[in-house]
Structures are given as C-alpha cells and as structure tokens.
Peer 1: 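Questions regarding the structure given below will be posed in turn.
All residue numbers in this chain count up from 1 along the given sequence. On a predicted model such as this, the values are computed, not experimentally measured, just so you know.
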Amino acid sequence: MKDYKLSLAVFTVAIVWGTTFLSIRVAVETIPAWFVAGIRQFLASLIMLSVLMYRKQFKWIGWRNLGYQFTFSLLMLVIANGMTTVAEETVTSSVTSLISACSPVLVFLGSVAMGLQKFSLRALIGVSLSFSGIVFIFWDGIKDLANPAYATGILFLFISIAGWASGTIFTKKLNIQSENISLNLFYQFAFAGIIQLVFAFLFSEDYNFGNWSLKSVSAMLYLAVFGSVAAFFAFHYALTKASPVQVSILAYINTIISIFLSWLILDEKISGKFIIATVLIIVGVFIINYNREMFKKYRIW
C-alpha cells in the first residue's frame, strides 16, 4: 500500500516552500529581515505550543534530544532561513530561489563526505551542470557584485544553503526518530525565534513598527502558519521516510514555482541566461539524484 501521508508531505513542501521566497521578499519590503524571521518562528512556536497543550502532549524531551533539536534549529532555521531572509533585502526572490536550488548539490557532496552516498561519473556531470548554472546567473549581473549590499546578500545565500544542507545531513546521519514531530518543532521554532529576535534588536538599524505595511505583515503571518508550521511538519515527516537527497530534490520544484510567481506578481525580470541557468541547475540536480528505484523504494508515489 502506498504511503499517502508521505505523498501529501512531499507536495506540501514543494508547493508551500515554492511561495516562501515571494512572501519573504514582500515581508522585507517594510519589515527588517531579522524581525521577519524571528516573529515568523516565534509565532510558529506559539501555534505548535497551542496544538500540544490542546492534545495534552507538551512535555520535557530530555537534554540529549533538546541538543539535537537546538542543533537542527540553528542550522535549518537560524542560519538557513535567517540568512535567506536577510539576503532578500537586496537580492530578488527569483535569484534567491535559484541559488537555493543548489542545496541538493551540497547535500550530495556532504553525504559523500559522510559516507552516506557514493561519488560517480554521473554525479560529476550533475555537479558540473549545476555550477555552470551558477555561472549563468551572474553572467550579465557580475557587475552587481561591486555593490557591497548585493555581494553580502549573495554571500548570505551561500551560507544559508550550507546550513540547510548540514541540517539535512545531520538529521539523517543520526537517524533521529520521533513519535511527536510537533513537540520537536515547538522547541526548534522557539529557539530560533528567540535567537532571531535578539538579532533583530541588535542588528536592525530602523525598526519603527509604524512603518510596517499590512501587506508585509500579512506575508509574515503566511510564512509563520504555512511556511513554517505546515511545511516544516511535512518536511520532518518526509525526512523520516526518505533519504536526505531525495527530500532535498524538492528544491528544484520550489524553484520553478518561485520563479514563476516572482515574474507574475513582483514583475521580476527573467532573462534568457536566467532560464538557461534554471535548466542547468535543475537538470544537474536531477542527474545527481536520479535512481530508477528511489521512488519505488520509499513508496512516495
């Protein structure tokens, strides 16, 4: 019998996270990035706490498990999500999503280094194609890197995908299992929210709450409810059922959705070279991760 819960989790991650880059870009228009990230995660923690209290499932998880959750939170939420949010203050959502699509490449290389995957000629071709896609991204806009703010944003993006890849591998390497994903998510969101809000007050030059627009606040709320709670619950569930590389391959689906929405809603320019970069990265990721038995083995479909 097919695992329909896993199928639903996969599609939730693919579709919802495909909209988060757009939502982040809208949110940071009037709200400082660390506030967007911090409030998003803190609200998500309150939602998870409410669910746990209603189900009478809230409890202490022990120091060892708490360490696991804080480590995962630091890598996936504070670093990956936080740096991505900060980067989108100066980098378009389409470029952000495309660079983020390279995360499966780092997951694969990290998995090879950790002995979870084997390197091959096919993998080398896939990695080469993906990095060729990165070259095409900056083909026309290389001069933009002379802008310190833009260059810093790009640097933050690469730090974010490194954090994301590390968190993905960390989870699978330790084979962390949990009977209550909601409980783990509460601790992760609470930890990230507190840390990011501290960063917000320390590093935000202007956080006049009166300047926050309704559109930005709405985008931030969407990120908390759907981008964090719904998508992360689905992501955690998928990680317990499939390989880290297989789950991370969802990044290229997110990319297609995100780029389309950025063009449609934010009127971001999509050049011919950008489309070539998209194709190269997606094909490269697919080649790296393709296995004709992978879907059958994990019964996603």
Peer 1: Report the distance from atom CD of Q188 to atom CG of L74, rounding to the nearest 0.5 Å.
Peer 2: 11.5 Å
Peer 1: Under the side chain to side chain contact (heavy atoms under 4.5 Å, CB included) rule, collect the residues that match up with D267, sequence neighbours excluded.
Peer 2: none
Peer 1: When hydrophobic residues are tied together by side-chain contacts of less than 4.5 Å, even through go-betweens, does L221 share a cluster with L223?
Peer 2: yes
Peer 1: I'd like to know whether CZ of F226 has more than 12 heavy-atom contacts from other residues, nucleotides or ligands below 6.0 angstrom.
Peer 2: no
Peer 1: In terms of the angle between their ring planes, are F260 and W263 parallel, tilted or perpendicular, with boundaries placed at 30° and 60°?
Peer 2: tilted
Peer 1: Which pair of non-hydrogen atoms, one from R25 and one from V91, has the smallest distance, and what is that distance?
Peer 2: NH1-O, 3.0 Å
Peer 1: Applying the ring-ring contact (aromatic ring centres under 6.0 Å, His included) criterion to F191, which one of Y68, F70, F42, F186 satisfies it?
Peer 2: F70
Peer 1: Are F21 and I265 joined in one hydrophobic group, where the rule is that I, L, V, M, F, W and Y side chains link up if heavy atoms are under 4.5 Å apart?
Peer 2: no
Peer 1: Over all heavy atoms of both residues, which pair between V105 and F131 is shortest? Give the atoms and the distance, please.
Peer 2: CG1-CE1, 4.0 Å
Peer 1: Heavy atoms only: give me the nearest I161-S100 pair and the separation to one decimal.
Peer 2: CG2-CA, 3.6 Å
Peer 1: May I have the step-by-step check of side chain to side chain donor-acceptor pair (under 3.5 Å) for S262 and S94, ending in yes or no?
Peer 2: CA-CA 6 Å; S262 297; S94 54; 5.0 Å; no
Peer 1: With the 4.5 Å side-chain cut-off for hydrophobic clustering, are L46 and V51 part of the same group?
Peer 2: no
Peer 1: Surrounding OH of Y54 (heavy atoms of other residues, nucleotides or ligands, distance under 6.0 Å), is the total greater than 12?
Peer 2: no
Peer 1: Could you pull out the closest heavy-atom pair between L183 and Q57, with the gap in Å?
Peer 2: CD1-O, 4.0 Å
Peer 1: For I134 and C102, which heavy atoms make the closest approach, and how far apart are they?
Peer 2: CD1-SG, 3.4 Å
Peer 1: Cluster question for you: counting only ILVMFWY and a side-chain heavy-atom cut-off of under 4.5 Å, with indirect links fine, are I39 and L214 together?
Peer 2: no
Peer 1: Any donor and acceptor pair, going by atom type alone, linking the side chain of T19 with main-chain N or O of V16 inside 3.5 Å?
Peer 2: yes
Peer 1: If every non-hydrogen atom of W212 is compared with every non-hydrogen atom of T30, which pair is closest and at what distance?
Peer 2: CD1-O, 3.3 Å
Peer 1: Do other residues, nucleotides or ligands put more than 12 heavy atoms under 6.0 Å from W60 CH2?
Peer 2: yes
Peer 1: Taking atom CZ of R55 and atom OG of S50, what is their separation to the nearest 0.5 Å?
Peer 2: 12.0 Å
Peer 1: Working to the nearest 0.5 Å, report the span between CD1 of I24 and CD1 of I31.
Peer 2: 12.0 Å
Peer 1: Using the six-membered ring wherever Trp is involved, compare the ring planes of W34 and F199 and label them parallel, tilted or perpendicular (cut-offs 30° and 60°).
Peer 2: perpendicular
